[in-house]
Each structure stands twice: as structure tokens, then as C-alpha cells.
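Values in this document were obtained by computation on a predicted structure and should not be read as measured data.
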Amino acid sequence: MKHEIFIPLCLAICLTVLFMGCSGDAPVSPSGPQEVFEVGTVTGTITNARTERPVRGAVVMLLGRRQESDAEGKFSFARVDYSDPITITVKALDYADETRTIVPDTEKLAVDIALAPLTNPRAEIERLLNRFSALIERVDLDLLEEIEVLFTEEYLASDDLMTRFFGLNTGVVPPNRDAVNPVFTALFEEFNVVQFRFHDIEMNVPHPRQASARLDIDIITEKGPRSVRREIISRCELYFRKEDSGWKIFFWQFLEADVRL
């Protein structure tokens, strides 16, 4: 009876020792051997590091190949050589260049890159509006050329009823670039006080060279020895474009307005 129990027990011990010895000599990786890829696909999205908006038209360069990011900031390279680490360089107007070197570890490699903007459009547009306001307030005909260059060559005012009634018909907003000089000449010759006060600005900057803003504009004029005062209290939308010489106004629309005499 004792022999019947002893023999199976010895076999069990031997098998356990043998198994432990084998597992120590050749460990089994739960994930198996790492796969090596010779070629793969590299995709990604280019964004503005400050606003997190996609950057369109950024030039993405990889192993002698190049392409531009689309409207959503996306790019894609197929059949990329994975034999060595790959270097991606991104260049875009008004942004600092960005370079990444990556060792591919997957067949479909995703690389998202945030570019640091070199300028601050919001602050620059606010300075434009402050300069516009300061030039108007001086009521000086010699400053008309400086006022005119704050508008793009393609500048237009909206033709909707609100803008026509409160802006164009009252003679405080030029309908186009050619009318900038005549409009402000007439204002300076008729009134001894002209003020454009910009405040409560809600800025939208979808691109480093394109922006819009909804803002309140208080347009104040006074004339005569008794200083007859007129105020146009308005909510407007302005569109801006950045050119080589800086930001300029290229569209003007009145959204709400009220005249106070």
C-alpha cells in the first residue's frame, strides 16, 4: 500500500523539478517576439500650440518627401522606409520650425506636432485699433494717409441695411478703400471733435494672418461753438488681414446701432 502511494508521489516531484528547470532556461514572453516593420505609414496633425487650432498649409518634410497639411492640419506619408530612425521637419509662415526624430515601433505611426507661433495676432490687432482711434481723435488732415494705410486695398463695408443706414449714410464709415480719404476728410472738415472708441472686443483668430472681431464702437462727433454732440453706439464686426506691413481692416459690418443726439 505504501509502495502504491510512494511511486506516484516521486513521479510528481520529478515532473515539477523538470518543469521549473525548463522554464528557468527558456522564459516565455507573454507578448511574443517584437515585430520588425520595414515600411509603414506616417500620419499626423499640425496645430497651433497657443490656440490648438489646426494649421493649414504647413510644409511637412520626411526623408526627402514633402507635402502641405490640409484644412484640418492633417498629413500622411505612405510606404515610409523604417530601416533607420525617421526625422520629420515642419515649417509654416509665422511659426517656429519644429523637428522630430522618431524610432518607428508600429506599422501605422501617428505624429501630432504643435507649432509655436512667432506673433501674437490678438495683441497686434488691439494695437491697430488703438492706433486707428488715436489718429481719428487728432482730427488732423495731415494724418489722412496714415489712416488710409490701415485698410487693405480690397477693403469693403457691408451693403446690408444696418451698415448702410448707420455707417455709410451717416458718413462715418467708408464703403471701400478709395473712399477712406474722402470720408475722413469730410468728417475732419465738418466736426471739431471726432472719436472712435473700440471696446468689449471678442476676437477670433483662425489663422495667424486672418482674424475677425465683434466689438462695440462708440462714434462721437461734435461741432460748432456750442459743441453739438452726436453719438452712434454700435456693435460691429470687423475682419482683418495681415500683410507684409502689418494687420489691416478689410471688412466692416454693423450688427446693432443706436443714434444719440
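- Within the 3.5 Å criterion, the main-chain N or O of Pro54 finds no donor-acceptor partner in the side chain of Glu72.
- Thr170 is not listed as a side-chain neighbour of Ile219, based on a closest heavy-atom distance of 4.5 Å or more.
- Smallest separation of non-hydrogen atoms from Arg50 and Pro121: NH1-CD, 4.1 Å.
- Enclosure of atom CZ in Arg138 is not indicated, since only 12 or fewer non-hydrogen atoms of other residues, nucleotides or ligands lie within 6.0 angstrom.
- Looking at Asn169, its side chain does come within 3.5 Å of a backbone N or O of Arg164 through a donor-acceptor pair.
- For the pair Pro117 and Asn48, the minimum side-chain heavy-atom distance is below 4.5 Å.
- The nearest pair of heavy atoms linking Val183 to Pro174 is CG2-CA, 3.8 Å.
- Looking at Arg197 and Glu231, no side-chain N of the basic residue comes within less than 4.0 Å of a carboxylate O on the acidic one, giving no salt bridge.
- No donor-acceptor distance shorter than 3.5 angstrom exists from the side chain of Thr101 to the backbone of Thr87, with no hydrogens or angles considered.
- In this structure, Thr106 contributes its side chain and Leu109 its backbone to no donor-acceptor pair below 3.5 Å.
- To the nearest 0.5 Å, the span separating CG on Leu215 from NE2 on His199 amounts to 8.5 Å.
- Note that CD1 of Ile147 and CD1 of Ile136 are 4.0 Å apart. Values are rounded to the nearest 0.5 Å.
- Annotation: Arg53, atom CZ; neighbour count of heavy atoms from other residues, nucleotides and ligands within 6.0 Å is above 12.
- For Thr89 (side chain) and Thr99 (main-chain N/O), no donor-acceptor pair under 3.5 Å exists by modelled atom type.
- The CZ atom of Phe75 sits 7.5 Å away from atom OG1 of Thr45, with the distance rounded to the nearest 0.5 Å.
- With rounding to the nearest 0.5 angstrom, the CG atom of Asp216 is 4.5 Å from the CZ atom of Arg235.
- For Asp94 and His207, the side-chain atoms include no donor-acceptor pair closer than 3.5 Å.
- Nearest heavy-atom pair, Leu93 versus Arg209, reported as atom, atom and distance to 0.1 Å: CD2-NE, 3.1 Å.
- Across Glu222 and Ser227, no two heavy atoms sit closer than the pair OE1-CB, 3.7 Å.
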What side-chain donor-acceptor pairs closer than 3.5 Å can you find for residues 124-131, not counting sequence neighbours?
unit_1, atom_1, unit_2, atom_2, d
Glu124, OE1, Lys242, NZ, 3.4
Glu124, OE1, Trp247, NE1, 2.7
Asn130, ND2, Glu126, O, 3.2
Arg131, NH2, Glu146, OE1, 2.4

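- Around the CZ atom of Arg177, the shell of radius 6.0 Å holds more than 12 heavy atoms that belong to other residues, nucleotides or ligands.
- In this structure, the side chain of Ser69 engages the main chain of Val55 through a donor-acceptor pair within 3.5 Å.
- Formation of a donor-acceptor pair under 3.5 Å by the Arg65 side chain with backbone atoms of Phe77 is not found in this model.
- Side chain of Tyr82 to backbone of Glu107: a donor-acceptor contact under 3.5 angstrom is found.
- The aromatic rings of Phe151 and Phe132 sit perpendicular, their planes meeting at an angle over 60°, well past the 30° parallel limit.
- In this structure, CG in Leu144 is found 4.0 Å from OG1 in Thr185, a value given to the nearest 0.5 Å.
- The two residues Ala157 and Thr163 come nearest to each other via the heavy atoms CB-CG2, 4.5 Å.
- Remark: Asn176 CG to Phe250 CZ distance equals 15.0 Å, nearest 0.5 Å.
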